[in-house]
Every structure is written in C-alpha cells, then in structure tokens.
Amino acid sequence: MSRLVVNDLHAEVVGREILHGISFAVSPGEIHAFMGPNGAGKSTLAHAIMGRPGTTITKGTITLDGVDLTNLPAYARAQAGLFLGLQHPLEVPGVRLLDALVAAIAGGDAARIDEKLHAAAEAIGLNPALLERSLNVGLSGGERKRSEIVQLEVLRSPVALLDEIDSGLDVDALSAIGKHLSEAVADPTWQLSIVAITHFRRLLDVLTPDRIHVLVDGRLVDEGGPELVAVLEADGYARYRAPREDPFAL
Ligand code: ADP
Ligand code: MG
C-alpha cells in the first residue's frame, strides 16, 4: 500500500530535456492512465520514475509514502515498491525468469518462488515451458508482455508502471490481463496502484482508470476522468500542440 507522488519532474536523455516539469499523485488502489502522441515522453516518464540508467533527473522529486526515491538506483526503487513493465522488454541470455525473481526477492525460498511463478503463469496464460528459457529470449511480443505481468504477480509490488502493456496482445489476452490487474487493484491485501501508459481505449475498457493524464511534448496538458478517452480517440492530440508558424504563409 503506497502513495506515489511525482513533483515537478524534469528529465534528460542524452543531454536533451524531454520532461519539462511533470506533477501527479497516485493513491493506493488507483489506476492512472497516461496517453499522448509518439515521442511525447511517456516511456521517458516511466524510466525516470523507475531510475532507468540513461534517463537523468535534473529537477523535481519522486516519493513513495513520503520516502524520497529521486536519487536512488533502480534496484532500491524496486525494493521500495516500484515495478516497471517495459514497453520493449529486454532479452537477458543466460538468466531464467526464476533466477531473476529469486535474486529480486533476496532471501526468498527458490522452490516457493517457483511455485508462485508457475501459478502466476497459469493464471495469466503464459506457457509454463517458456519459464525454462532465458529471460525474454525467443518470446513473442505478446508473451513478453504476459511475462512482465507474471513478474509483477510474483513480486506483488504496490505500484506498477506499465508501459504499453497492451501492445502485441490479442483481444483475449488483453481481457485476461485487464481482469487480472483489476483484481489486484481491488484486492485489499495488495491494493495495487497502476500507472498505465497506453495508446488504446481497449485496455482502458477492461481496466477502468480513475484519472487520465495527457502528455504532449514533455508536459501534462490535460487531465480528466475516463470520459476523456473517447474525446482523445475522436479528436487526437492536435488541439494540445502549440500552433507553429506556417513558413509558407504570405
Ligand atoms: P513516447 O514513449 O511518448 O513515445 P519517449 O519517451 O520514448 O516517447 O521519447 C521521448 C523523446 O525522447 C523522443 O523525442 C525520443 O526520440 C527521445 N528519446 C528517448 N530515448 C532516447 C534515447 N535513448 N536517445 C535519444 N533520444 C531518445
Ligand atoms: Mg513509449
């Protein structure tokens, strides 16, 4: 059970500022969706919150239950309760999912973790044979996304940042994962909070957000309830962009 507060976050990637002052707060059991055009900085926001190397926070703070995470390395933020499901999960040859989870749950009993891993894979529809492979190696896009949710299920992190978890999933997988995440949010022993980055309404149809945030050019430009999704789907993001001078105007 944790409250995530992001305050005036500025972040750079390769020396260029991508996020120009992002503020929002997510309470336990809330689902916040972040939507915006390609290149808006959505993944950069997830990386900055998680502490992914290569994304540098230059101003602002990230706190979880009042604990300042801003300058901690990614593993310490994970231990504090953050989980990031990457938009493009990486292949890690030579490391099985079980090995990674046993390392993550330091001091955990490997047999017990393996049991949980198989139960989670079954619940989420990930073929258990894939658990024997190296992390993400030879997995399809959809299988990688399921694997991210399986990891979340085993770790039971209180705050999940899910970057385009719906991309590459078929409709059945999407509803299964949406249902699963909704249950985790409603589960009083977990009270999962979700920051869901998505382009598509279909995820938000199965995972009803409390708030929608619109990110354009590294700034939050609009916020609303679930009704905003239909507006964005119909009108796109053009109305949020600063009008550019037309170089061909007379
Ligand atoms: P979104 O997820 O909203 O599509 P990103 O956060 O991936 O957007 O990217 C935001 C901006 O940061 C883009 O202009 C992108 O080109 C730039 N960017 C992201 N990662 C890198 C990187 N590793 N090197 C250079 N530019 C990057
Ligand atoms: Mg992205």
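Both counts, for ligands and for their atoms, begin at 1 and track the order of listing. Everything numeric in this text was worked out from a predicted model, so none of it was measured. The analysis underlying the following values was restricted to heavy atoms, covering all of them including side chains, and did not include hydrogens, waters or symmetry mates.
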> Do you know which of H88, K145, H199 makes side chain to side chain donor-acceptor pair (under 3.5 Å) with E164?
Replying inline: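 Testing E164 for a side chain to side chain donor-acceptor pair (under 3.5 Å) against H88, K145, H199 leaves exactly one candidate, H199.
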> For ligand 1, what is the set of protein residues having any non-hydrogen atom at a distance below 4.0 Å?
Replying inline: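 Correct list: V13, V14, R16, I18, P37, N38, G39, A40, G41, K42, S43, T44.
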Beyond-backbone contact of [X] with [Y], side-chain heavy atoms, under 4.5 angstrom:
X: R96; Y: S134; value: no
X: I31; Y: L181; value: no
X: I18; Y: H47; value: no
X: V206; Y: S182; value: no

> Run the salt bridge (charged side-chain N to carboxylate O under 4.0 Å, His left out) check on D163 and K42 step by step: do they pass?
Replying inline: CA-CA 8 Å; D163 193 356; K42 303 182 298 298; over 6 Å; no
> D65 side chain to R3 main-chain N or O, any donor-acceptor pair under 3.5 Å?
Replying inline: yes
> Are a donor atom and an acceptor atom from the side chains of E143 and S147 found within less than 3.5 Å of each other?
Replying inline: no
>> Keeping to distances under 2.8 Å, can you name the protein N/O/S atoms close to the Mg ion (ligand 2)?
In response: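 Checking every protein N, O and S atom gives S43 OG, Q87 OE1.
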> Going hydrophobic residue to hydrophobic residue with side-chain gaps under 4.5 angstrom, can you get from V154 over to M50?
Replying inline: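 Per the 4.5 Å side-chain linkage, V154 and M50 are not co-clustered.
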